[in-house]
Amino acid sequence: MSSNILKVMKGVAGALACLPMLAMAQAAETERSGPDYQLLLAGGALSVCSSMAANNCDEGGWIDNEVMRVDRYINLSDKYTKPLLDDDYWPFNRRETRDDVREALEIIRERMNEDILPERVFVDEFTRRATQYLYENLSDSEWNLILDHLEMPVPAGMQEQVNVAESLNKEAVGVFEEFVAQAAKVRGTVAGGDDKPRIAVITASARDPYDAVDFYVNLFAELGAEAQWLPIDAAVYEAQRSGKCDAINEIREEQFGAWDRSRVHAEKYQQQVDFCKRAGAGIEMIENVDAVFINGGDQNLTRKALLNPLSQPSPLLTEIYSRVSSGNFVVGGTSAGTAVMTAKSMITNGTSAEALKAGARAAEPPVPGCNNNDSCPRDMNQDTLTYHPLGGIGLFPYAILDTHFSERGRQARLLRLAAETFTPMAIGVDETTALQVNVLRNEFRVIGERGVFFAVGAQQADNAVASTFHYLTSGASGRISDQDINAVRFATDGKIIQAEPTTRFLDDRGMIDSMRLLCRDRKQFNLLQGEYRLTVLADDNTRSQVSGGECQVMNGRVGIALETPEKF
């Protein structure tokens, strides 16, 4: 075993031995009212059948192209392409790339012999052999610039419709159903009853905050709630603070890299302008709903929508704090909407491999794809692990939060950030899974398809990280503090995951898949991926139990290191 891993893992064991057990006061056993859990933290990939995502549907015959929004449409006529190719959008060192874009658009237009294409068809054509080289050399901001300028306006009255009954992913639907059920407990009724639970949807995590509005509003309506859009985002909050509510579109373009959204979503844009000009409109909405749900995308955008540049909460966020602290309000999120909930350091970017190589940076995240156009900040690249040291919006006080966790092999980046910031506990939530938390009673439960990873007492060396860990699957529950979890009850009847196992642990489920060995009386296993090594140990304090096809573990130890080949 690597000496680096052993050194750090021994340090973890010693540190944990010194940690005092926190005596968490038991809540008074009075009659409960309101929701069982005030927070729902989903790990992402909550795929539900809709008219814009027919691939998530068992059957698509219900989709009516005449009355439903089924795609985004791209226009290749000169009216749309000429503004896109203007010098103002392309710095001097990218003018040659701009000329290649012009040629690629002409090739696609000639090949298709049409000006108007569904976006998915346009993307397929742009990534074909003739222009694939160009696509692979565009930064994300350049690709977004192209799509934004070429996108046609959404026809008035055309909405994305949701069909829960036809959804292939029943576990994802179940997570949303549980959120609505908790909101219904706030209202003291049941979902679908005469007095429906009221849910406000925040789409501030998305670069284009308008695109997912209809999906979430119609999804929650399908599940028996009365849903509405709360039209706050980073551009709106900046416009409110600067008194420039009529310039939201310009602020969004200049500061957040989303172009022409007022043209594409004219009705929703005007709704935001009106919201911006009505002081207290957001607070009024929060006062009249039972729950708020935050979408996925970029947690940094949501943070900027609810906190000012000094990291002070907006009046809207202050009202959300007040409602949650009353115990009779629910806040849910998925992916970025989960990551932003933390009161600890907030992850904003990075891969496990780069985290082991270069550590973590308390800095604004680099623009995705910045390697391609040389726009990365000094000494950073598109995979650099970055974080906000003052945390997210602060609703979850216990730990750092990460999402899409096991599926993207994010254990090393989570451990690195926890060790670098001296944070006692860090949590990663798998896809199609959620961690429910009662922040007043310090209780939690895991729901959904997969599991939740808890890293405790993370330590680091130059190129290695290690910690004690727990991994619990859907149905597990327990108590939580900002140091550890306890009183854990393992799940007993989990669903068997129908996925091919892998040993890749830097970008896939290798650690979790291999952990099944611990439920077969193995005390240690090692995985290699390139120059990286992962070691998992079990000892006399380790407990494990199978649920479905997964192995749940309490008090295991994990170490991950970057090594040179000769050390293997």
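Numbers for residues simply follow the sequence, beginning at 1.
- Counting heavy atoms from C-beta outward, Leu138 and Ile146 have side chains that approach closer than 4.5 Å.
- A donor and an acceptor atom, one from each side chain of Asp64 and Gln161, are nowhere located under 3.5 Å apart.
- Side-chain atoms of Arg303 come within 3.5 Å of backbone N or O of Gly391 as a donor-acceptor pair.
- Remark: Arg450 engages Glu407 in a salt bridge, criterion side-chain N to carboxylate O under 4.0 Å.
- Checked by atom type, the side-chain pair Tyr471/Asp430 shows a donor-acceptor distance below 3.5 Å.
- There is a side-chain donor-acceptor pair under 3.5 Å between Ser375 and Asn373.
- In this structure, the side chain of Arg207 engages the main chain of Gly257 through a donor-acceptor pair within 3.5 Å.
- We find that Asp36 and Lys185 are joined by a salt bridge, their nearest charged nitrogen and carboxylate oxygen being less than 4.0 Å apart.
- Side-chain contact, Asn218 with Glu160: no donor N or O sits under 3.5 Å from an acceptor N or O.
- Looking only at atom types and distance, the side chain of Asn349 has no donor-acceptor partner in the side chain of Thr386 under 3.5 Å away.
- Residues Lys304 and Glu364 are paired through a salt bridge, judged by an N-O separation under 4.0 Å between the basic side chain and the carboxylate.
- Residue Val330 is tested with Tyr37, Phe179, Phe293 for a side chain to side chain contact (heavy atoms under 4.5 Å, CB included); the sole match is Phe179.
- Ala339 and Gln299 make their closest contact through CB-NE2, 3.6 Å (heavy atoms, listed as atom of the first residue, atom of the second, distance).
- Tyr210 and Gln272 share a side-chain donor-acceptor pair at under 3.5 Å.
- At distances below 3.5 Å, at least one donor-acceptor pair connects side-chain atoms of Arg516 with backbone N or O atoms of Gly549.
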